[in-house]
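The figures here come from the full heavy-atom set of this structure, side chains too, leaving out hydrogens, waters and symmetry mates. We number each residue from 1, following the sequence as shown. Computed from a predicted structure; not experimentally measured. Whatever order the structure lists ligands and atoms in, that order sets their numbers, starting from 1.
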Amino acid sequence: MATSMFLQPARFFSKKAGINHVLVIGGGLMGSGIAQVTAAAGMKVTLVDQSQDILKKSLTGIEQSLNKIASKKFADDPQKGKEFVKNTVCQIETVTDPEQNARHADLIVEAIVERMEPKQALFSKLDKVAANHTIFASNTSSLSISEIACATKRKDRFGGLHFFSPVPMMKLVEVVRIAETSDDTFNQLADFSKRVGKVPVACKDTPGFIVNRLLVPYMMEAVRMLERGDAKAEDIDTAMKLGAGYPMGPLELADFVGLDVCKMIIDGWHKGDPNQPLFSPVKTLDKLVTEGKLGRKSGQGFFDYKAAQQAKKK
Ligand code: CAA
Ligand code: NAD
């Protein structure tokens, strides 16, 4: 798969780029990945989450991912591979207080829970302490960047930086500009995306940008198909993998993204556009989330991952 881009940061390094220290907020699935690729590109990273316990898990996940990459890239020289992993992890410090660390960052990337209020509250606090030149970016999947940016007085230095999961493997970043985003900010965000080995595309601040506007309704249609009893979960996924060439079926992909994240996206869009049938709430999704079945991260979603996860631990 696409490991080579991740391992060639120097090629993308822009000498003029002003981003050397990145504060990543949220050490979950996405924040960990963003921290990893940023550190591997040689930038200093401060990773923030609510507790050191969570951050410990984030670092373990980052190390596992780096080990996978190193075992391929440095197959002939395991010592070099170990150094690559160690040096990359050393570029990442973990903290629980974003405000104390914001003033040193050139770029702040937020990857916390997919809700407007916590995102606005966070950026509002950071706006008061961050340096004047610091660019703010949100990795939101579905919320309005413009609305998040309203919590700050730096709309010209605000944009969306939408990575895809798993971050070390997926090559795309959607760079979202709002009306006030300056050309310099947009260019710096696009340049940063290239430095971390990704391909940036420019997006307007519309619900779901490009990918999720197409992908999320597709996944939700698959759940509705399952609810109608048109096909079994396994068959829906096999059909889309073998019949359409997708690497994962829609239900496995929903589990992979996180059913809580999928629910927050579709519920938010439904609130904004209740007449759009593609955005209508999905009963099975609601039920699974209520039961704590959040997909791969909780061990159970449309499919059961517990056995595979336990086998991996042994
Ligand atoms: N870190 C490092 N390496 C990883 C990795 C990670 N996190 N995940 C997978 N890999 C590597 C594996 O080690 C493996 O390497 P080899 O081929 O050298 O053995 C390779 O990637 C392939 O992995 P697997 O064999 O385990 O499985 P796969 O071939 O199915 O690939 C996948 C895994 C890349 C995730 C692929 O299934 C895929 O592309 N799935 C679709 C992902 C997708 O659509 N993502 C977008 C989700 S939507 C989103 O993110 C936006 C949003 O806002 C919700
Ligand atoms: P996640 O649940 O895996 O991680 C979120 C992390 O944020 C958790 O570790 C949580 O403890 C932490 N957090 C919550 N509030 C915080 C706060 N105020 N300060 C510091 N940390 C806080 O979620 P995720 O899947 O990584 O998603 C994060 C963001 O990225 C969301 O906006 C989501 O929509 C977006 N996104 C998700 C995916 C995906 O495939 N899951 C893809 C692209 C974008």
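Those atoms of ligand 2 that come under 4.0 Å of a heavy atom in Thr140, given as number and element, are 32 (O).
With a 4.0 Å heavy-atom cut-off, ligand 1 is reached by no atom of Val211. Counting heavy atoms under 4.0 Å from ligand 2, residue Phe164 does not touch it at all. Contact annotation for Ser141 and ligand 2: heavy atoms of both the backbone and the side chain come within less than 4.0 Å of the ligand. Counting heavy atoms closer than 4.0 Å to ligand 1, residue Pro166 contributes side-chain atoms (C-beta onward) but none from N, CA, C or O. Counting heavy atoms closer than 4.0 Å to ligand 1, residue Asn212 contributes side-chain atoms (C-beta onward) but none from N, CA, C or O. Only the side chain of Leu215 comes within contact range of ligand 1, with a heavy atom under 4.0 Å; no backbone atom does. Under 4.0 angstrom from ligand 2, the non-hydrogen atoms of Ile54 all belong to its side chain.
The heavy atom nearest to atom 32 (O) of ligand 2, out of those in Glu114, Met30, His162, Met264, is found in Glu114. By heavy-atom distance, the residue among Leu29, Val167, Ile25, Ile112 lying nearest atom 31 (C) of ligand 2 is Ile112.
The existence of a salt bridge linking Asp286 and Lys263 is confirmed by a sub-4.0 Å separation between a basic side-chain nitrogen and an acidic carboxylate oxygen.
Counting heavy atoms from C-beta outward, Pro166 and Met170 have side chains that approach closer than 4.5 Å.
Ligand 1 has His162 within reach: a non-hydrogen atom of the residue lies less than 4.0 Å from it. Using a non-hydrogen distance threshold of 4.0 Å, Pro118 does not register as a contact of ligand 2.
Ring pair Phe158/Phe136 is perpendicular by interplanar angle, where above 60° counts as perpendicular and below 30° as parallel.
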